[in-house]
S.K.: 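Dumping the structure here so I can ask a few things about it.
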Amino acid sequence: MDPRTSRGRLPLPQRGIAFGGDYNPEQWPRETWAEDARLMREAGVDLVAVNVFGWAEIEPEPGEYRFEDLDHVMDLLHEHGIAVNLGTGTSTPPPWLTTAHPEVLPVTRDGGTISPGGRQAWCPSSPVLRDHAERLVRAVAERYGDHPALALWHVSNELGCHNALCYCDESAAAFRRWLEKRYGTVDALNAAWGTSFWSQRYGSFEQVLPPRATASPENPTQVLDFRRFSSDALLDWYEAEAAILRATTTTPVTTNFMVTAHIHTQDYWSWAPHMDVVANDHYLDHRLDDPWAELAFAADTTRGLADGAPWMLMEASHGAVNWQPRNLAKQPGELERMVLTHVARGADAVCFFQWRASRAGAERFHSALLPHAGTDSTQWRATLRLGALLDSLDEVVGTTVTSDVALLFDWQAWWAADAPGHPTQDVRYLDEVHAMHAALRRAGAAVDVVAPSADLSGYRLVVVPALYLVTDEAARALDRFVAAGGHALVTYFSGIVDADDHVRTGGYPGAFRDLLGVRSDEFFPLDAGQRVTLDDGRTGDVWTERVEARGASAVARFADGPVAGYPAVTRHEHGAGVAWYVATRLDRAGREELVAGALADAGIDPVLPGAPAEIDAVRRDDGAASYLFVINHGRIAFVASAPGLDLVTGRSAETHEVPAGGVAVVRETTTDRWRSGQEATA
Ligand code: GAL
């Protein structure tokens with residue numbers, strides 16, 4: 001059996017989908033706590049994160065721990081049957097620490113020191129801070145390790161949200177140690193960094209610095225390695241805390257990831273195997289063109305990080321956030337659509353920031369499960385409804401998503417692709433990834449987002465958007481996948497450089513030339529606003545290149561622009577499989593047409609045939625039962641032909657009308673279609 005279809009459970013005590021959020025009782029008088037616990041029960045909340053920012057409360061003076069309040073909260077929650085995701089509390093050091101040890105504060109590229117007064121003002125490589133933090137973690141672990149409310153350890157908080165890149169002397173020393181480990185000799189470092197360019201050759205590791213502010217463009221490999229180092233430094237921090245917790249208890253350990261469009265400093269492919277539970281924080285980002293498409297992408301990526309197993313949504317917002325330029329409240333139905341987009345894609349725990357809206361502090365205008373207005377409010381009623389909705393979905397817990405399509409996504413490629421000094425500033429890695437993911441979703445396909453190093457053998461189609469940097473091994477694996485009968489769809493600016501960010505010579509796209517049966521000898525990026533037309537009427541912008549077909553056939557050619565007459569879209573039969581190449585950024589309709597064609601070519605049916613693009617349909621199953629999630633982002637009702645019981649309405653029927661902006665989760669009566677799909681992927 002395909003391991004991706006096996007039933008997995010989050011190691012949490014809840015029988016159904018866990019529901020809750022961050023709970024910050026330290027912001028409120030004790031009288032409020034009893035009311036909190038009572039209301040949590042009323043809403044069906046059964047998991048809360050406490051002590052996330054607790055350091056200053058529980059260690060008010062150096063080495064003096066004061067646990068009485070937290071004891072009380074833990075006991076109270078337990079009495080009410082609410083489990084605790086317990087923060088180690090290390091996410092923000094208290095003022096006494098930063099006053100006594102200003103050397104723990106992070107330093108920016110241009111040498112400025114970040115002040116305390118916000119949060120996370122600490123250098124990930126600071127041994128002084130590590131020492132203090134480890135003492136705190138030990139104290140917390142000893143105090144609460146056997147508390148009956150404890151369900152999960154929550155290390156720090158969103159590691160690297162604000163402090164991922166620190167350029168201080170301590171970081172410089174740690175960077176050098178990391179480089180020595182990676183390269184062994186300074187000659188190897190010189191070769192990898194290409195230091196014969198611009199007189200940069202190092203005589204010893206002592207001469208190496210982090211990429212601090214420079215007068216000219218920096219060495220791109222130095223910057224790339226600094227990002228790798230910085231991600232590893234925080235992972236090392238996580239591991240240090242986790243080791244203390246694991247030595248004291250057997251409770252699972254995690255931290256909250258930020259798979260999101262605006263933070264990309266952690267290489268979560270390398271972090272995920274260290275987590276006992278993969279957990280993500282996700283907020284709809286209204287600065288993006290399509291926040292809902294990004295949400296689906298983030299959820300598919302989080303499932304990829306969990307290796308297909310169920311995962312935890314650690315934070316989301318009930319209504320508006322407070323950190324975007326304009327913080328849009330949710331319209332009726334949006335909360336359910338948001339939550340079900342995560343659950344459909346494998347989330348078995350749904351938690352929010354935060355339980356009760358703060359009165360003071362930087363986030364006082366952030367929404368919460370319990371708003372400022374109190375229980376006589378639309379938001380509180382929505383919280384009660386959400387609790388009931390999640391209860392009705394308990395049986396989906398442990399089921400998984402099976403997909404025939406993989407999309408390759410990589411943080412390291414993102415770092416490298418978006419660096420300056422490239423042919424154009426208009427190729428934005430994440431935009432291309434999002435665009436391809438959205439096109440697949442709108443074509444009705446279920447998509448696994450996986451690392452370039454993932455095992456591809458279970459898929460029929462692998463989509464490779466703008467994978468500028470790719471290792472030799474990953475390129476070979478894609479080649480083998482296609483040669484063995486798989487289909488691949490690769491878009492422009494892929495396979496250009498190796499792991500050291502050195503250009504692959506002999507013609508572009510170096511790593512994928514043979515696979516794609518094409519060769520380009522020059523890039524022709526387009527001017528701002530410039531569009532080209534293809535001979536089939538589609539248009540493109542941002543990118544063109546002079547592609548010569550070397551085995552591939554041209555599906556479409558450029559009809560105008562700098563490379564008129566040359567192939568724009570190609571298809572290559574390679575071994576037993578097929579590899580497509582797209583040499584421009586197609587307009588949305590053109591991209592969707594291309595993706596639909598590639599899916600059909602690979603013999604992949606939509607999850608819900610006939611559904612329009614505004615319908616997000618995802619199936620979770622475990623081989624015994626299957627659940628079809630239908631999320632209607634459109635403005636008109638949609639009738640889903642899906643025989644079974646809708647767990648949302650409690651109605652059993654052959655078809656289900658999903659209102660505009662509404663949702664359905666159908667426990668499917670076993671159909672031939674579903675069965676045959678199962679067999680085909682078994
Ligand atoms: C997250 C963070 C929470 C809260 C939330 C607001 O980044 O973990 O503590 O700040 O954002 O949206």
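Everything numeric in this text was worked out from a predicted model, so none of it was measured. Start at 1 and go down the list; that is how both ligands and their atoms are numbered.
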S.K.: Just say parallel, tilted or perpendicular for the rings of Trp271 and Tyr238, cut-offs at 30° and 60°.
M.R.: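 The arrangement is tilted - the two ring planes meet at 30° to 60°.
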S.K.: Are any of the side-chain heavy atoms of Phe19 and Leu47 separated by less than 4.5 Å?
M.R.: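 SC-SC contact between Phe19 and Leu47 ruled out.
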S.K.: Test side chain to side chain donor-acceptor pair (under 3.5 Å) on Trp153 and Thr249 and set out the steps.
M.R.: CA-CA 10 Å; Trp153 287 115; Thr249 69; 2.8 Å; yes
S.K.: What pairs of residues pass the side-chain hydrogen bond (donor to acceptor under 3.5 Å, both in side chains) test when at least one of them lies in residues 47-64, not counting sequence neighbours?
M.R.: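 Found Trp55-Glu59.
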S.K.: Listing by chain and number, which residues have a heavy atom under 4.0 Å from ligand 1?
M.R.: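 Ligand 1 pocket, heavy atoms under 4.0 Å: Phe53, Arg119, Asn157, Glu158, Asp281, Tyr283, Glu315, Trp323, Phe353, Glu363, His366.
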S.K.: Please say whether the positively charged group of Arg337, taken as NZ for Lys or CZ for Arg, lies over the ring of Trp292, i.e. under 6.0 angstrom from the six-membered ring centre and within 45 degrees of the axis.
M.R.: yes
S.K.: Could you check whether the rings of Tyr65 and Phe67 sit parallel, tilted or perpendicular, using 30° and 60° as the cut-offs?
M.R.: parallel
